[in-house]
Amino acid sequence: NAGVTQTPKFRILKIGQSMTLQCAQDMNHNYMYWYRQDPGMGLKLIYYSVGAGITDKGEVPNGYNVSRSTTEDFPLRLELAAPSQTSVYFCASSQGQIRRNEQFFGPGTRLTVL
Amino acid sequence: AQSVTQLGSHVSVSEGALVLLRCNYSSSVPPYLFWYVQYPNQGLQLLLKYTTGATLVKGINGFEAEFKKSETSFHLTKPSAHMSDAAEYFCAVSEEKSSGDKLTFGTGTRLAVRP
């Protein structure tokens with residue numbers, strides 16, 4: 001199993017550009033999550049999904065959109081990039097709720113908006 | 001609302017010394033508590049978690065943590081540090097919700113191990 005994979009690893013965007021961060025998992029997990037990690041801070045939840053076709057906002061959803069058309073994929077869309085979105089983005093997945101199931105993380109995407 | 005405080009953003013120990021990383025939480029209901037480790041340029045990996053039952057929880061790589069409700073703490077310890085333990089450690093708390101568990105992370109503690 002590849003686990004949780006993320007592409008790209010690095011990206012530099014100009015203000016106002018858009019892009020999609022890709023996330024895929026091959027563990028047949030129902031739950032998937034997007035987090036951002038700013039320097040010196042813990043991870044903050046952007047969006048999450050409990051199954052295909054179901055998504056919900058986390059703590060910091062503004063400026064982002066997600067979709068979950070398949071169990072395997074959970075892309076994160078930035079429509080109008082802003083410098084405040086410079087961060088490291090982590091995708092994660094779990095079979096079920098976190099208290100009973102381990103959450104597996106991808107290696108991250110480092111995004112810089114200039 | 002739940003929250004996590006990690007005291008000390010940087011901790012340095014000698015190889016073979018005790019590792020103690022502090023975590024205090026705030027939660028209005030019985031919490032679920034987690035410790036994650038992040039090695040450079042990698043995602044987070046679960047070290048251990050407390051849900052219910054025994055308050056002393058053992059995890060991977062020789063780490064353990066004790067849930068102390070009276071002190072609202074969940075400190076992480078390891079009797080003898082190894083060079084490979086150098087990493088960033090995050091404490092997290094989750095509350096049971098019908099919409100699904102959500103983790104709230106602390107700001108992290110970077111552990112350095114001196115030879």
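Excluded from the calculations below are hydrogen atoms, water molecules and symmetry mates; all remaining heavy atoms, backbone and side chain alike, are included.
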Do the numbers put B/K78 on top of the ring of B/F63, so that NZ or CZ is under 6.0 Å from the six-membered ring centre and no more than 45° off the axis?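 Ring-cation test returns yes.
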
Tell me, for [X] versus chain A, whether the close heavy atoms (under 4.5 Å) come from the side chain, the backbone, both or neither.
X: B/Y50; result: neither
X: B/T51; result: side chain
X: B/Q6; result: neither

Which of the residues B/N41, B/L44, B/T52, B/V4 is involved in the greatest number of heavy-atom pairs with chain A at under 4.5 angstrom?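 The candidate making the most pairs under 4.5 Å is B/L44.
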
So which residue, B/L103, B/T104, B/L33, ends up with the most heavy-atom pairs under 4.5 Å with chain A?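 Answer, by heavy-atom pair count under 4.5 Å with chain A: B/L103.
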
Region of A/Y35 that comes under 4.5 Å of a non-hydrogen atom in chain B: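 Just the side chain, heavy atoms under 4.5 Å.
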
What part of A/Q6 lies closer than 4.5 angstrom to a heavy atom of chain B: side chain, backbone, both or neither?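 Neither; nothing under 4.5 Å.
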
Are any side-chain N or O atoms of A/S49 and backbone N or O atoms of A/G51, one a donor and one an acceptor, separated by less than 3.5 Å?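 The answer is yes, because a donor-acceptor pair under 3.5 Å joins these two groups.
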
So which of A/D38, A/V4, A/L43 has the biggest tally of heavy-atom pairs under 4.5 Å with chain B?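 Of the options given, most contacts go to A/L43.
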
Please work out which of the three classes, parallel, tilted or perpendicular, describes the rings of B/Y36 and B/F105, given edges at 30° and 60°.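 Geometry flag for B/Y36 against B/F105: tilted rings.
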
Where is the tightest heavy-atom contact between A/P75 and A/D73, given as atom of each residue plus distance?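 Of all heavy-atom pairs spanning A/P75 and A/D73, the closest is CD-C, 3.7 Å.
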
Could you tell me whether the side chains of A/R11 and A/T109 share a donor-acceptor contact shorter than 3.5 Å?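 Side chains of A/R11 and A/T109: no pair found under 3.5 Å.
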
Indicate, with yes or no, if B/V57 and B/L21 share a hydrophobic cluster defined by side-chain heavy-atom contacts under 4.5 Å among Ile, Leu, Val, Met, Phe, Trp and Tyr.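 They do share one cluster, since a chain of ILVMFWY contacts under 4.5 Å joins B/L21 to B/V57.
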
